[in-house]
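Some notes on the structure that comes next.
Quick caveat, the model's predicted, so the values are computed rather than measured. Each chain gets a letter, A, B and so on, in the order its sequence line appears, and its residues count up from 1.
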4 protein chains.
Amino acid sequence: MKREVESCMKALVDLNSDLGESFGAYTLGNDGEVMEFVTSANVACGFHAGDPSVMLKTVKLAVKKGVAVGVHPGHPDLVGFGRRKMNCTPEEVYAFTLYQIGSLRAIARANGRKLQHVKAHGALYNQAASDLALAEAIASAVKDAGENLILVGLANSAFCKAAEKVGVPLAEEAFADREYMPDGSLMPRSRPGAVIHDPEVAAKRVLRMVKEGVVTADGGFDIALKPDTICLHGDTPEAVENARKIREMLEASDVAIMPMEKVITSRG
Amino acid sequence: MKREVESCMKALVDLNSDLGESFGAYTLGNDGEVMEFVTSANVACGFHAGDPSVMLKTVKLAVKKGVAVGVHPGHPDLVGFGRRKMNCTPEEVYAFTLYQIGSLRAIARANGRKLQHVKAHGALYNQAASDLALAEAIASAVKDAGENLILVGLANSAFCKAAEKVGVPLAEEAFADREYMPDGSLMPRSRPGAVIHDPEVAAKRVLRMVKEGVVTADGGFDIALKPDTICLHGDTPEAVENARKIREMLEASDVAIMPMEKVITSRG
Amino acid sequence: MKREVESCMKALVDLNSDLGESFGAYTLGNDGEVMEFVTSANVACGFHAGDPSVMLKTVKLAVKKGVAVGVHPGHPDLVGFGRRKMNCTPEEVYAFTLYQIGSLRAIARANGRKLQHVKAHGALYNQAASDLALAEAIASAVKDAGENLILVGLANSAFCKAAEKVGVPLAEEAFADREYMPDGSLMPRSRPGAVIHDPEVAAKRVLRMVKEGVVTADGGFDIALKPDTICLHGDTPEAVENARKIREMLEASDVAIMPMEKVITSRG
Amino acid sequence: MKREVESCMKALVDLNSDLGESFGAYTLGNDGEVMEFVTSANVACGFHAGDPSVMLKTVKLAVKKGVAVGVHPGHPDLVGFGRRKMNCTPEEVYAFTLYQIGSLRAIARANGRKLQHVKAHGALYNQAASDLALAEAIASAVKDAGENLILVGLANSAFCKAAEKVGVPLAEEAFADREYMPDGSLMPRSRPGAVIHDPEVAAKRVLRMVKEGVVTADGGFDIALKPDTICLHGDTPEAVENARKIREMLEASDVAIMPMEKVITSRG
């Protein structure tokens with residue numbers, strides 16, 4: 001019944017991307033271009049990437065482009081870009097997530113903006129997706145930071161349990177360019193076929209997720225997956241081009257693209 | 001006329017100290033003891049000292065001890081403890097001050113506390129005291145951070161001009177253990193006699209500042225100095241002892257000691 | 001036969017400790033005291049602790065006290081003191097170990113000293129002890145650094161295989177205050193009884209290791225363990241006291257204590 | 001007399017460039033291209049740029065391209081890229097210069113290479129050029145590091161006095177793209193005309209320096225300037241192109257381009 005009602009409604013989804021990953025004299029990505037097609041920006045906060053001046057510039061750009069601003073907290077690992085698994089305790093993760101949320105919130109507020117969401121970066125995201133204690137630490141920081149921030153987490157992961165347990169709004173995330181396992185987890189990158197390189201294939205998969213709430217997993221069977229937000233990569237010219245194509249195909253298929261806050265609210 | 005009225009009122013002043021300067025496995029100072037006699041804590045935010053876990057612990061301790069919490073932003077110079085002059089631009093100082101304010105505010109908020117003030121640390125404080133562009137950068141960050149935070153600045157310095165120009169509440173600070181020049185600036189530490197080691201002498205000087213609004217400067221003449229807050233050092237056992245003595249002598253002389261927010265409000 | 005010859009010889013062993021772990025304004029441990037009873041110093045090189053000025057001071061102190069100087073490379077994790085497991089690749093570990101060796105060697109050379117050994121710190125040590133690829137990365141850096149440096153590694157661990165494979169001199173290490181498993185590995189700290197707090201018990205265990213080449217493992221059976229060097233902790237006043245006691249008991253039992261270079265050479 | 005002899009000899013000079021300035025996930029410059037036309041590489045050592053893995057890669061590339069390897073020590077200011085003046089003490093500068101020399105030397109040695117020179121980076125270079133205590137600190141680190149490393153310093157600056165006083169070989173450096181003051185110092189970048197943008201003009205100036213030992217300074221008069229090495233920038237595609245042109249024009253004018261070690265030796 002609910003399904004039928006939904007199918008009458010226009011399909012909607014948020015597109016998010018990691019932004020503000022430059023640092024000091026180093027430039028990474030092309031934030032201006034990426035902000036043309038995403039609706040939510042995950043802004044690095046100086047731990048794995050970014051610095052206060054880059055954050056300020058990124059927030060100003062997001063305001064100008066009308067993109068919703070979120071926090072992208074990472075491990076304190078600048079040289080490893082936050083991609084290396086680190087055994088930080090849940091207490092440490094709670095404290096540094098709260099810290100990173102606050103740092104960006106002050107900068108956003110100075111530019112007349114409220115924060116929308118919090119999405120962990122790299123190894124922190126991957127570790128927390130399968131470690132409930134870490135996911136709860138992040139969810140608790142989101143909760144205690146106040147202002148009703150949305151926690152972004154991999155669909156079917158520990159993030160979902162943590163959001164429910166802690167009591168924070170959740171946006172379930174899917175990846176356009178990744179193969180899924182039958183249990184709903186991501187196929188490890190080390191396996192052949194884990195990454196989908198053809199933007200057309202990726203776009204069609206996203207379309208099915210958004211419109212039908214399913215995706216074909218490894219083995220050929222469909223599994224349920226109805227994400228609120230899709231992660232698009234924008235750190236290389238090719239990635240930007242693919243992401244743009246995905247957006248265009250979604251729009252051509254009558255999918256409404258809007259910030260995750262509105263997606264969640266519409267779902268009710 | 002105003003002076004007469006004031007002299008009828010009880011003398012009042014805030015006592016502040018730099019706290020939360022531990023880092024990772026490194027412990028510095030004895031925050032628990034120092035919080036017994038100060039009314040305002042300047043909490044390091046990870047740039048010159050402190051880390052998210054230390055900040056969280058420090059805020060919890062301040063809540064427990066009833067000490068007002070403020071931000072202690074410093075240069076990004078951990079190995080130099082923020083004591084080395086760095087030529088950061090006003091734009092960089094603005095951005096990293098805003099960042100540091102936000103980082104502590106989220107942690108304070110998670111513990112049910114509002115921030116009271118912002119006091120720059122070490123070289124940043126000294127540079128801004130005589131560099132209006134830097135002082136304005138800090139004042140602007142305080143302003144744009146919102147919530148009516150108080151800017152703490154050296155009395156008779158560029159901080160005062162910046163606070164007025166930018167439009168933020170100001171708490172004028174004096175140092176119990178420092179000699180003053182006839183123009184109201186601090187005698188450079190490199191000169192003999194710049195630091196007052198006898199806590200009794202220091203306490204008497206503070207008493208005159210607070211009660212009479214004057215202090216004897218280098219050369220023997222009195223200059224006007226009516227601070228809202230006095231900086232006490234607590235990074236060595238001796239410093240803690242001296243600070244405690246100063247507080248006791250002030251109380252014995254009927255000076256009311258309270259957070260700078262109340263001192264300023266009382267002044268009107 | 002060899003055993004009999006050995007038993008005629010005087011028992012000998014090196015005592016090593018982690019030193020130079022202060023950082024900037026932060027002081028950790030009491031290097032001066034610890035250097036009174038150890039024969040080899042593992043000097044931190046700025047990644048998990050230490051900074052160039054601290055390293056210089058530590059090397060000068062070691063020269064004065066006649067303690068052999070070695071490198072104590074750690075993960076790039078200052079706030080975690082190198083104690084948090086990090087998934088650095090073998091290539092990264094190779095590069096940063098070489099870097100840290102070089103940094104200390106230049107400082108030692110400027111003070112007329114050659115380096116003696118390399119002992120990984122904290123999580124890096126623990127990870128490499130059971131991960132041959134990491135142990136080989138460290139051994140290769142030791143090899144490629146030249147000057148015939150000794151690799152220090154946990155007895156019965158991946159370090160031993162790596163040293164043999166890569167072709168570097170090895171000093172096998174044992175811990176005075178740790179319980180051993182029947183397979184020769186350390187009992188995990190999380191298990192009750194893993195840490196031996198009584199210095200007398202610890203000293204007696206070391207004595208048996210050094211004189212008889214055995215230690216009683218968990219379960220009550222003796223296992224073979226004949227270390228070249230014993231790790232003593234000196235980061236707390238209590239630890240210093242215990243370490244001193246162990247040294248005294250060893251000397252009273254006619255064990256010759258000397259830098260690991262001599263221990264290894266004597267063994268032939 | 002000496003001048004006549006020199007004029008009979010082929011003019012010779014070294015071309016140096018800052019390389020290995022990438023960091024972690026961040027790429028800066030195009031080292032492969034720049035190494036096609038320079039003879040000496042100044043390799044960043046992790047303080048203002050670079051990391052152990054980048055250093056290793058850069059040294060391997062220099063070995064392959066036949067470029068001499070030198071150390072490029074900078075202030076501990078990664079976010080500021082070492083370009084911000086910092087008040088480090090001569091003792092701190094001595095220690096961190098020694099540290100950085102050692103770190104690169106171990107990596108070079110592992111690749112069969114000796115280091116050739118040490119050239120301070122950015123703000124450290126500029127500060128030391130006019131601060132004899134800092135220049136001496138750097139020169140002393142170069143001396144104490146051993147192996148007869150060459151100190152690179154701005155011609156007519158405190159580096160020259162320091163090299164003489166401390167007793168280290170000196171390579172005097174000139175800048176192809178900078179205007180000089182009548183006293184031989186560089187015109188501050190803030191003044192109009194301080195930077196020469198036309199590669200042809202720059203090349204002609206370098207040619208006169210190298211062949212005639214003079215350059216036209218601000219005001220139109222020639223001043224003596226006979227550099228051993230010329231700094232070429234390679235951090236932008238345009239800079240690379242200009243640098244390549246300068247090399248081509250020098251070669252077309254029969255200037256021999258070779259590492260500074262050989263230039264100095266030839267001079268005697």
How close do A/G102 and B/A106 get, counting heavy atoms only, and between which atoms? CA-CB, 3.5 Å

Can you list, pair by pair, the side-chain donor-acceptor contacts under 3.5 Å of residues 154-176 of chain A, counting residues two or more places apart and other chains?
from	atom 1	to	atom 2	distance (Å)
A/S157	OG	A/L154	O	2.6
A/S157	OG	A/F159	N	3.1
A/K165	NZ	A/E136	OE2	2.9
A/E173	OE1	A/Y125	OH	2.6
A/E173	OE2	A/N16	ND2	2.9
A/E173	OE2	A/K119	NZ	2.8

Identify which part of B/L56 has an atom lying under 4.5 Å from any heavy atom of chain A, answering side chain, backbone, both or neither. side chain

Just how far is it from atom OH of B/Y94 to atom CD1 of A/I107, taken to the nearest 0.5 Å? 8.5 Å

What distance separates A/D144 CG from B/N111 CG, expressed to the nearest 0.5 Å? 8.0 Å

With a sphere of 6.0 Å drawn around NZ of B/K262, does it hold more than 12 non-hydrogen atoms of other residues, nucleotides or ligands? no

For chain B, find which of A/A95, A/S103, A/C45 contributes the most heavy-atom pairs closer than 4.5 angstrom. A/S103

Between B/K57 and A/E91, is there a salt bridge with N-O shorter than 4.0 Å? no

Between the CZ atom in B/R105 and the CG atom in A/L98, the distance rounded to the nearest 0.5 Å is 12.5 Å

d(B/Y99 OH, A/Q100 CD) to nearest 0.5 Å is 6.0 Å

